[in-house]
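See structure below.
Side-chain atoms are counted along with the backbone in the values below, which use heavy atoms only and exclude waters and symmetry mates.
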Amino acid sequence: MQPAVEFQHISKRFGAVQANRDVSFSIAQGSIHGVIGENGAGKSTLMSILYGYYRADGGKLLINGQEQDIRNSHEAIGLGIGMVHQHFMLVDNMTVLDNVMLGGEGGFRLQKNRKQVEQQLRDICQRYALDVDPLDKIEDLSVGVQQRVEILKQIYRSANILILDEPTAVLTVQETTSLFEVLRLFKEQGKTIILITHKLQEILEITDEVTVMRAGTVVGSVQTAATNKEQLAELMVGRPIETQLPRAPYAPGATVLEVKGLNLINAQQVSLLKNISFQIRAGEIVAIAGVSGNGQSELLEILSGMRLPTAGDISMQGKALPYAGRKDADGLPATFRELGIAHVPEDRLRDAVVKNFSVMMNSFLGYQKKLGKTLGWLDYKAILKNCQNLLAQFDVRPADPHLRIALLSGGNQQKVVMAREMAANPQLILVGQPTRGVDIGTIESLHARLLAMRDAGVAILLVSVELEEVRALADRILVMSGGCITGELKAEEFDATRIGLLMGGLHKH
Amino acid sequence: MNQTDLPRWATAFALPLLNLLSALLVAAGVIYLLGESPVESLGILLNSAVFNPEGLGYTLFYAATFIFTGLSVSIAMQAGLFNIGSEGQMYIGGLGLTLVVLTLDASLPGWALIPLAMLGSAAFGAAWAFLPGYLQAKRGSHVVVTTIMFNFIAASLMNYLIVSFLIPAGEQNTASRVFAASAWLPKLNGILPVLGETPLNISFILALLALVIYGIAVWRTTWGYQLRATGLNQHAAHYAGISISKTIIVTMMISGALAGLAAVNSVMGSTHYLNLNFPAGAGFIGIAIALMGRQHPVGILLSAILFGALIQGGFDLSLEKPNIPPETFIFIQGLIILFCGAMENLYAPALSALLKRKSS
Amino acid sequence: MMFDDFQFSSILVSTIRNAPVLMFAAMAGLFAERSGVVDLALEGKMLASAFVSAAVAYVTQNPWLGILAGVGVSVAIALLQGFVSITQKGNQLVAGIAINIALSGLTFVLAQFFFMQGGRTPDLGSARLFDIVLPGSEAVAGIPFLGWFYTKLIGGHSALVYLAFALIPVVHWVLYHTRFGLRLRAVGENPHAADAAGINVERTRFMAMLCAGMLCSFSGAYLSIVQSGFFLRDMSAGNGYLALTALVFGNWRPLQTALGCLMFGFFTALQVQIEGVVFPGLGKVPGSLIQMIPYVVTVVVLAGLMAKSVAPKAIGVPFVKSR
Amino acid sequence: ADPKFAVIYDAGGKFDKSFNQSASEGAERFKKETKIGFMEVQVASDTQTEQVLRNLARKKVDLIASIGFAQAQAVQNVAKEFPATKFVLIDGVAKGDNVSSVLFKEQEGSYLVGVAAAIASKSKKVGFIGGMDIPLIRNFSCGYVQGVKATDAKVEIVQNMVGTTTSAWNDPAKGGELARAQFERGVDVIFAAAGGSGMGTLQAVKEKGKLGIGVDSNQNYMHPGSMLTSMVKRVDQAIYDSFMQMKNGSWKAGVVYKGLKEGGVDWALDKDNRSVVSADMEKRVNAAKQDIINGKVKVVDFRDANKCPV
Ligand SMILES: Nc1ncnc2c1ncn2[C@@H]1O[C@H](COP(=O)(O)OP(=O)(O)OP(=O)(O)O)[C@@H](O)[C@H]1O
Ligand SMILES: Nc1ncnc2c1ncn2[C@@H]1O[C@H](COP(=O)(O)OP(=O)(O)OP(=O)(O)O)[C@@H](O)[C@H]1O
Ligand SMILES: [Mg+2]
Ligand SMILES: [Mg+2]
């Protein structure tokens, strides 16, 4: 049988970066094909070429044995190719229905088809067990549901070749499981699926074959059945990966952060946080596990000074944090930082970096006041040196301080942010989803950094949806659901099933 | 296609030059259609705006005003604010300095009066920009809309104040009385007699100084860093502990103060009285200058001089060539802004292809 | 005819006459901006179309040909604007301002060149649009209120006035209930998503500019052919910027934007009526202060009543396939 | 050799259908009769005025005509520098032994058209539309109101100004709209002193079959039958006279006021408005004119005290 997709000697260059170099491999009809590789290995670029988003500088592309010159997404869609992008391609202020219809409206007047398509979508949702209401607006939906909308879109368009670029990065275990159910259904129907992920056990769980990329080239394709995690990891990174990182024995010090009776009610009068109380001591990592959207983000925002709570007391080393009596949180994060609270936010592109600044200019975001002590003068020489140090320490690639940070891969951006926050010598560091979309090599090094900080006596609050990550790092685990803390476990009590139950415990859906 | 393929000299000089030439080419076509020789016209224009010292003096005189309004628009843009209100802020700034001068010009010597009057213009300009800034920061009212409205309001207010209070009784001219000589800005032809009778005065020097301060403040200080961070990503700025509303309000006030200072050149440096509609669109030209100069001090300086030259040279040209009405130069200004400010990459593909062919 | 003397009636009629200039331009801006292209060049397109439609109407002695020519020119300028902002990915604000400045100069130069009347076209005389008298007007003219309502308020305007008001539902329909509208909004909100859905972002934006050019031309034609009867230099007199204000004011939505335009029309009419009126306690407020009313009201309403305006997310950003 | 002449128009420009245009017509007439040419320039700002005055003086122009009050200060400055050059300033006063300042008693002409308006109005409501609220325009309106009230104290006057920015002179749409608004309030005669915007007013007047009054030059020809009259301000005559005197060597510096008596202002009666001016009206307007010339009636100049008596 003809392969569904065949890449022949594909090359693509962005300025100085060779994103793909002479990439050749093929994907069998009706299979699930995994593509893995470090951040920046060129996976997304290759898929974007297949989907017509970029055009290759050289090489050939064969779809079902036919050479194709795909010039844009429209032509890709015409060839039955569908893609779920790393960042969702949805129009936030439109409904699910309109998003699905977009590009395939079936006529000039929408109204005629809206009813019909809506019914169709409801049918699909039922058939594939996708819980989506076609009339909801995207901006009101959680990421998990948005992901389902993307899938829904592809089913509606009856794509035969489906590309999924890190679809599970933001999903919970349950959501991932149900996504895989859908993918298996797809495969049964003879569709071809290309899956990019950084999570190796997903590759092992669902793919038939896997291609490994490194620095723009293919370093090997293997049958999934004939491989294992360690081998794949080594192929990817070029060295063995440590899964069990060393850590000092648990010996927490004085209480650093104490939260009592924290409540948050938003402008729509929805209660987002209910009576949250906990404490963190020096030298321990407290992890908050939970399905995203259950109040963890808001908790981080409040603790970092980006948002004001409605009620409750927070004290840092015995002293109340200075948010009382304020009308808004404008400028408050600076005060919190001075008190020794560092923050690695969940959404790094939105909050943690200024995309159009260079890496160097981002390397002191939040600490600008400290640097410009005399008359606000910024000493770029010192800043540059400091930045170069950070880049070297955290092995950021490329280690070019003058590069626009948007051009770094997600993993490397995360390293810059982490480096910056750790360099501030905080008493408490708040870390949200530190390894989202980050490759395993980088995960290993970021985890090692966090553990080193813990060992050095820093209090760490980790928010993560990855149970694997929670297990690897936490000394204590709090589980959040519906704005409440529904349970607490010690590290040695770690039990995925129990945590899963607690996560769903008070959850409404 | 990619601009980054090109060497720096090409993007910094060759492309802008090619664009300027294209604009002039179109302009030459229009001049030809109007029945005049483009080459001769260009000669007259260059001569009267650049080569003849007195003309150059006028060019720089106009440029001084444009530098201030250009800076006013630029600094707001750095914070992501599109201040269309420089015109009104300049107008009100003129009122500020006039009030100072009219009260004190009989009693104070120039060295005290002039700085005080400048303070007045900056303060009034800043005050006029405060409300749009405040409303944007605290109420989310779009600063573009409020500043446009404030331009109209300023025009009405000034019309009322000038006509009802400032015109000396029995006078026809819609202007305040003439200031005492102590309020006249020292002219540069005192130092450089070659400039002849031009109103070019110390405010040009001040404008250059303002450019330097602007450059340092925006790129070299914490404050400028916070300003730019706010302009590029408000979420990140908030995360970084920058007070967004304070930044917006302060920036708008500085922007207003700079616009207010633009009044100093024409009111205290040339006419020596406050007249109706004296800004004559300088605030709007400031927008073009900020955009064309990419909010960079050197860019602002060059565009301001270019506009000054067009006004001076165009005026002289229309004097010599009755077939070419002065409005032709408004058209040419527009063309230049279009080509140099918005189509900077027009020739990039061709140039990069040419360079590639050369190098291979 | 008692009602006729009541000034409020005249304010309403005047509002209806004032609003179309802004409405056409604001709707034009709406198309451009909902597609992600900032349209600062409304003023320029208005001027160009005002001049061309007056000139052609004068030469052919046919207002409809004038309007047609105006549409052609305004569309051509919009496409030029599109070429700069969409194809060349230039700065859209710069492009807009440049077009305004260039056309302010060019329309004068051309008018002067062709007609030698100081940047003015000759009077159009009969080559103007007539006011439409609704059927049965004579019959109801004498009836109190109804007569005024039928013959003055909704009747007795030129065709362009009716077109302007008809546009409100039409634009709403196009924007929210057609394929074009859906794509337009998508392209202005998240062009990457639209592109991924197989939509040609640039072509959609060009289409939007085409609509913008066409609608804006009516605004210019209304100025010269309906309201004035000739073209005069810079006769757009800031209306393009006011239209933009109404657009922001209306949160880029057709209905609210039209309301914004009507509000401007209303307060302009009101201001005209209360100029020179003696207020109890205040006396006669100077005319120049009365002139502020529409602008002050806008600021107050914007600051006091409205929620934050939410612009289309991709506005002003050229579509570049990159991070 | 023949003397050299120049005219400097203010921002309104040579074709403003108003006083700049009138000045240009005077100079043209002089040129036609004497075959002596003249230079002409239009300035956009007060700074430019001074620049161009100086340029012309250096070029040894003998008489420079500056049109518009905005040029007053510049003329005074440059006249001091170039004592050999002569200047004639319209609508403003500049000091200097080589400056002739010509001021018009617009209030007197306006008074006459006010009389005509009051007689012509059937609704007993007349209107005034000015460009901008400035002393010159207020003087027009003040004279107009005096004339109306003197004729019939019961006649109401509705006044509007077009705007507060320079576009106030170039906004015919607003000029027309103001007229329509005034009609709806019952006005049936409008005096428009608003430059280009006024043309919009007169256009609207014609459309609605009402009566309009033109300003500065005789604008009756624009809409024959709809124009009641025009308040003419003979800037053309002033320029023509000044040029002639220069040629003849009888030119004199100083301030001159030109009113009805001096033929500086007048109301226009010609074939274009013959049909709308009744014999009675003509008689009464001319009687008023005579009274003013005789000094029986004194029309207050608004600018004397920045106040209008009525
Ligand atoms: N539009 C672009 N402009 C410049 N460089 C780019 C662009 N897109 C990608 N790159 C660079 O190309 C390389 C490959 O990027 P790509 O996104 O394909 O990697 P990836 O394997 O998908 O990484 P990740 O796992 O982080 O998603 C990276 O170095 C990236 O910085
Ligand atoms: N799925 C739909 N089915 C039927 N009509 C719809 C649908 N979506 C939108 N409309 C129509 O479009 C109009 C506007 O819809 P919506 O409420 O989404 O707009 P909005 O939120 O005001 O604007 P925006 O698109 O800028 O968010 C409504 O009048 C509605 O009738
Ligand atoms: Mg990727
Ligand atoms: Mg909405």
Atom group of C/Val226 that falls short of 4.5 Å from chain D, counting heavy atoms: backbone
Most contact-rich option vs chain C, by heavy-atom pairs under 4.5 angstrom, among D/Lys174, D/Gln159, D/Gln182, D/Glu177, is D/Glu177
Evaluate whether atom NZ of D/Lys208 has more than 12 neighbouring non-hydrogen atoms of other residues, nucleotides or ligands under 6.0 angstrom away. no
Given heavy-atom pairs under 4.5 angstrom as the criterion, report whether the side chain, backbone, both or neither of C/Met292 touches chain D. neither
Non-hydrogen atoms of C/Gln112 and D/Phe15 that approach each other most closely: NE2-CE1, 3.2 Å
Beyond-backbone contact of C/Gln227 with D/Pro172, side-chain heavy atoms, under 4.5 angstrom: no
Heavy-atom cut-off 4.5 Å, strictly under: side chain, backbone, both or neither for C/Phe230 against chain D? side chain
Considering only heavy atoms, which portion of C/Gln273 lies under 4.5 Å from any heavy atom of chain D: side chain, backbone, both, or neither? both
Look at the side chain of D/Arg180 and the backbone N and O of C/Val13, then say whether any donor-acceptor pair between them is shorter than 3.5 Å. no
By a 4.5 Å heavy-atom criterion (distance strictly below it), what part of D/Asn160 contacts chain C: side chain, backbone, both, or neither? both
What residue, out of C/Leu223, C/Asp123, C/Asp234, has the most heavy-atom pairs lying under 4.5 Å from chain D? C/Asp123
Is C/Glu275 reaching over with its side chain to a backbone N or O of D/Met161, donor-acceptor style, under 3.5 angstrom? yes
Can you see which heavy atom on D/Gln203 is nearest to which on C/Ser228, and at what distance? CG-O, 2.9 Å
Would you mind checking which part of D/Met199 comes under 4.5 Å of any heavy atom in chain C, side chain (CB onward), backbone (N, CA, C, O), both or neither? both
Heavy-atom count check: over 12 atoms from other residues, nucleotides or ligands less than 6.0 Å from D/Lys124 NZ? yes
Per the side chain to side chain contact (heavy atoms under 4.5 Å, CB included) rule, which among D/Val162, D/Thr164, D/Asp133 passes with C/Gln291? D/Thr164
Tell me, out of D/Glu207, D/Gln21, D/Met132, who's got the most heavy-atom pairs with chain C below 4.5 Å. D/Glu207
Correct closest heavy-atom pair for C/Leu232 and D/Gly196 would be CD2-CA, 3.7 Å
OG of D/Ser167 to CZ of C/Arg233: how many Å apart, nearest 0.5 Å? 11.5 Å
Which answer fits C/Ser224, side chain, backbone, both or neither, if we ask what part of it has an atom under 4.5 Å from a heavy atom of chain D? neither
